[in-house]
Engineer: 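The following block contains the structure, expressed as structure tokens.
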Amino acid sequence: MITGEGRLSANMDSPLVLVHGGAGSVPSDSLPRHRIGCRLAAEAGAAVIGDGAVEAACAAVRIMEDDEVYNAGTGCALNLIGAVSLDAAVMCGATIDAGGVCALGPFKHPVSIAQALLHESPVLIAGAAADDWALAHGFEQVPEDDLITPKSAAAWQRVVKEGGASNWAGGTVGAVARDAQGRLCAATSTGGTIGKLPGRVGDTPLVGAGTYADEVCAISATGEGEAFVLAVFAARLSDAIRAGGEPQEELEKALARIERDFGGLGGAIMLTRDGGPFMAWTTDGMSHAW
Ligand code: ASP
């Protein structure tokens, strides 16, 4: 288990920011950085929780996008041709608005672009069109090399050039937040899997799969994206809680179902309107903090 050190007070119905730094196996030499990164992200979110759940969740994710230890923004996994291709989404539970980008080019904070899309009519924009939308709305594209680190380049070399076994990068980042009014938000950001087919999109930016929020709960998932997409993971989990299920139990059941019926591993964090933090994983660990 990888546990963040940033555990702040968590009264059942108080404002709360809960983050994850991806499900998977983190090498022991990266564990301290994973823990500290989660803690800093949760604190950054908590610092702006007065501005609302959306601001808090996105602020937390931005911190992790900047931290090269995670697979989002700087240090993200590279696709088959060694290019950056980023997925992110934000969903506001109070308004049932969502914004997402997928197969996005090199931008430092994909979650900020998703946040800007929250109140626009397209829910999800892909590829070159997402780049164009971001540029037209004042976001700055950076040289791809700014986001590629020695670690992400070495991982690409191992998987794509040397046929290494696992293309799972781990390190996807996400946050769920609940503000003083009980409004919920979920935000998730990733570079996806190492050596993925150009244009491949995982669960992260898909509303109801890797990211979801309504008035019942906010969920950010991480793991083998195809399985989470096929299971419509987050939306079904929300429905189960709406129907009266106990949140932690339903979360664990939903992850067990992903493993049993779709052959996928992963984890998720969740807040409900009056409960949490809830978290579970079927991998070796999932770094997190609140
Ligand atoms: N779910 C992400 C994807 O498949 C990867 C991860 O969470 O590690 O793109």
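As a basis for the values below, the full set of heavy atoms in this structure was taken, side chains included, without hydrogen atoms, waters or symmetry mates. Just so you know, ligand 1 is whichever comes first in the structure, and atom 1 is the first atom listed for that ligand.
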Engineer: Determine whether the side chain, the backbone, both or neither of Met286 has a heavy atom under 4.0 Å from any heavy atom of ligand 1.
Structural biologist: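 None of Met286 does.
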Engineer: Give the residue, atom name and distance (to 0.1 Å) of the protein heavy atom nearest atom 6 (C) of ligand 1.
Structural biologist: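 Protein heavy atom with the smallest distance to atom 6 (C) of ligand 1: Thr172 OG1, 2.9 Å.
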Engineer: For ligand 1, is there an N or O atom under 3.5 Å from any N or O atom of Gly225?
Structural biologist: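 For ligand 1, there is an N or O atom that lies under 3.5 Å from one belonging to Gly225.
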Engineer: Quick check: do Pro106 and Asp146 have side-chain heavy atoms less than 4.5 Å from each other?
Structural biologist: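 Side chain of Pro106 against side chain of Asp146, heavy atoms only: no contact under 4.5 Å found.
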Engineer: So which atom in Ser238 and which in Asp214 form the shortest heavy-atom distance, rounded to 0.1 Å?
Structural biologist: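 Ser238 and Asp214 have their closest heavy atoms at OG-OD2, 2.6 Å.
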Engineer: Can you list the ligand 1 atoms lying under 4.0 Å from a non-hydrogen atom of Gly192?
Structural biologist: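 Those of ligand 1 that fall under 4.0 Å from Gly192 are 9 (O).
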Engineer: Numbering the atoms of ligand 1 from 1, which are under 4.0 Å from a heavy atom of Asp203?
Structural biologist: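 Near Asp203, the atoms of ligand 1 are 1 (N), 2 (C), 3 (C), 4 (O).
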Engineer: Can you tell me if Ser85 and Asn79 form a side-chain donor-acceptor pair at under 3.5 Å?
Structural biologist: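 No, Asn79 and Ser85 have no side-chain donor paired with an acceptor closer than 3.5 Å.
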Engineer: Is it true that atom CD of Glu140 has more than 12 heavy atoms of other residues, nucleotides or ligands lying nearer than 6.0 Å?
Structural biologist: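 Count not over threshold, so no.
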Engineer: For ligand 1, find out whether one of its N or O atoms is nearer than 3.5 Å to an N or O atom of Gly223.
Structural biologist: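 By distance alone, the answer is yes.
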Engineer: Look at Lys196 together with Glu226 and state whether they make a salt bridge at an N to O cut-off of under 4.0 Å.
Structural biologist: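 Answer for the salt bridge query: no.
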Engineer: Nearest heavy-atom pair of Ile49 and Val17: which atoms, and what distance?
Structural biologist: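 Looking at all heavy atoms of both residues, the closest pair is CD1-CG2, 4.1 Å.
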Engineer: Below the 3.5 angstrom mark, is there an N/O of Trp168, backbone or side chain, next to an N/O of ligand 1?
Structural biologist: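 Yes.
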Engineer: Using a strict 4.0 Å threshold on nitrogen-to-oxygen distance, state whether Arg62 and Glu65 make a salt bridge.
Structural biologist: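 No, Arg62 and Glu65 are not salt-bridged.
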Engineer: For atom 4 (O) of ligand 1, find the nearest protein heavy atom and state the residue, atom name and distance (0.1 Å precision).
Structural biologist: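 The closest one turns out to be Arg200 NH2, 2.8 Å.
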Engineer: Which ligand 1 atoms does Thr222 reach within 4.0 Å, using its non-hydrogen atoms?
Structural biologist: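 Listed by number with element, the hits are 6 (C), 7 (O), 8 (O).
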